Amino acid sequence: PSTIFTYGILMNCCCRTRRPELGLAFFGRVLRMGLRTNVVVATTVLQCLCGAKRTDEAVDILLHRMSELGCVPDDFSYNIVLKSLCDDSRSQRALDLLRMWENERGVCSPNVYTYNTVIHGFFKEGEVSKACNLFHEMAQKGVPPNVVTYSLTIDALCKARAMDKAQLFLRQMIHKGVRPNNVTYNVMIHGYCTLGQWKEAGKMFREMTRQGLIPDIVTWTSFMASLCKHGRTKEAAEFFDSMTAKGHKPDLVMYHVLLHGYATEGCFADMINLFNSMATKGTRSVSRCMDLFNSNICTLQNG
DNA sequence: CTGACCCGAC
């Protein structure tokens with residue numbers, strides 16, 4: 001009953017559970033069985049290669065081998081490989097590939113995911129002007145920046161301690177009708193907290209809730225991290241306690257932040273207590289991954 | 001069956 005679709009699902013699963021080589025092994029079976037590959041499965045192969053840190057092979061397949069397999073790369077194919085190049089700190093190479101894609105004039109062209117990926121890559125590498133050029137270019141080419149584009153730009157400005165410019169961008173996006181989301185406000189709040197500008201952070205927090213947005217675990221964690229960095233771990237701990245008392249489940253990052261705070265201030269007894277409560281409460285991220293894997297295995301067997 | 005952004009870390 002195995003069709004190319006079931007292999008696609010299985011390979012995707014291997015990728016998500018961090019077993020890209022296994023996914024590639026399944027693709028080997030697809031080839032041996034003589035099943036006809038479609039563009040989604042070919043793109044999943046790219047994803048597996050990228051996950052296995054074999055980006056150059058992914059580029060080669062994207063540019064040369066996909067047509068041999070009888071399919072045309074689509075926007076997903078390009079975006080996945082571009083992301084991998086950017087993750088490897090080769091954003092300029094990603095931009096070159098983006099240019100090649102534009103010149104192909106095929107069925108699809110770079111979209112908002114594409115630009116966001118490469119802009120983010122440039123910001124991460126400190127290539128601010130290249131990132132800004134792309135920001136302007138996308139709008140000119142009829143791809144308006146969305147909430148992600150603005151959020152990652154605002155994040156870069158905040159990390160460069162340019163809070164005034166970040167604030168300007170926030171106003172600009174609202175003016176252009178792009179609604180800020182939790183991420184947008186989280187990076188602003190984190191920016192102000194990092195600089196110890198608690199008052200401004202509070203303003204952002206109130207603006208966020210006024211917009212009907214609900215602060216999430218990232219909001220709280222970054223707030224706690226800033227408290228710890230300013231030698232106020234005790235307040236961070238009180239915050240943590242009130243959160244858990246309200247039934248909010250801390251995640252691994254939140255524990256790490258508080259543990260690191262305790263460690264910095266030499267509160268070793270508190271560290272041990274927290275460590276023990278961490279072990280009993282546990283985190284479910286790993287088991288969730290396994291659930292995903294199992295349900296997809298079932299799909300395969302039923303197919 | 002597929003893609004982009006925020007919190008830690010040494």
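Per chain, numbering begins at 1; letters A, B, ... match sequence-line order. All figures in this text were calculated on a predicted structure; none of them were measured in a lab.
- Residue ring and base: A:Tyr113 counts as stacked with B:dG3 (centre distance below 5.5 Å, interplanar angle below 30°).
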Donor-acceptor pairs under 3.5 angstrom involving side-chain atoms of residues 263-274 of chain A: please list them, not counting sequence neighbours.
{"from": "A:Thr264", "atom 1": "OG1", "to": "A:His260", "atom 2": "O", "distance (Å)": "2.6"}
{"from": "A:Glu265", "atom 1": "OE2", "to": "A:Thr233", "atom 2": "N", "distance (Å)": "3.3"}
{"from": "A:Glu265", "atom 1": "OE2", "to": "A:Thr233", "atom 2": "OG1", "distance (Å)": "2.7"}

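- Within the 3.5 Å criterion, the main-chain N or O of A:Asp75 finds a donor-acceptor partner in the side chain of A:Asn79.
- Between A:Tyr7 and A:Phe27, a ring centre-to-centre spacing not shorter than 6.0 Å is recorded.
- Counting only heavy atoms from C-beta on, A:Asp75 has its side chain closest to B:dG3 among B:dC1, B:dG3, B:dT2.
- To the nearest angstrom, C1' of B:dT2 lies 14 Å from CG of A:Leu62.
- Sorted by residue number, the members of residues 166-187 of chain A with any non-hydrogen atom under 4.0 Å from DNA chain B read A:Val183, A:Asn186, A:Val187.
- In terms of phosphate contacts, A:Lys159 brings a side-chain nitrogen or oxygen within less than 4.0 Å of OP1 or OP2 of B:dC7.
- Closest to the side chain of A:His190, from the set B:dT2, B:dC5, B:dG8, is B:dG8.
- Using a 4.0 Å heavy-atom criterion, one finds that A:Val40 contacts the bases of the nucleic acid, with or without backbone contacts as well.
- Counting only heavy atoms from C-beta on, A:Thr221 has its side chain closest to B:dC7 among B:dC7, B:dG8, B:dC5.
- For A:Phe275 and A:Tyr262, the ring centers sit 6.0 Å or farther from each other.
- One atom, CZ of A:Phe135, and another, P of B:dA4, lie 19 Å apart when rounded to the nearest Å.
- Side chain of A:His120, nearest nucleotide from B:dC1, B:dC5, B:dG3: B:dC5.
- OP1 or OP2 of B:dA9 sits under 4.0 Å from a side-chain N or O of A:His260.
- If you check every strand for non-hydrogen atoms under 4.0 Å, A:Asn111 touches a base.
- Using a 4.0 Å heavy-atom distance criterion, A:Thr44 is classed as making no nucleic acid contact.
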Quiz item: Do A:Phe205 and A:Trp220 pass the ring pair (Phe, Tyr, Trp, His ring centres under 6.0 Å) test, and can you show the C-alpha distance, the side-chain angles, and the key distance before you say yes or no?
Solution: CA-CA 11 Å; A:Phe205 178 82; A:Trp220 305 129; 5.7 Å; yes
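- A:Lys124 has no side-chain polar atom (N or O) that falls below the 4.0 Å cut-off from OP1 or OP2 of B:dC5.
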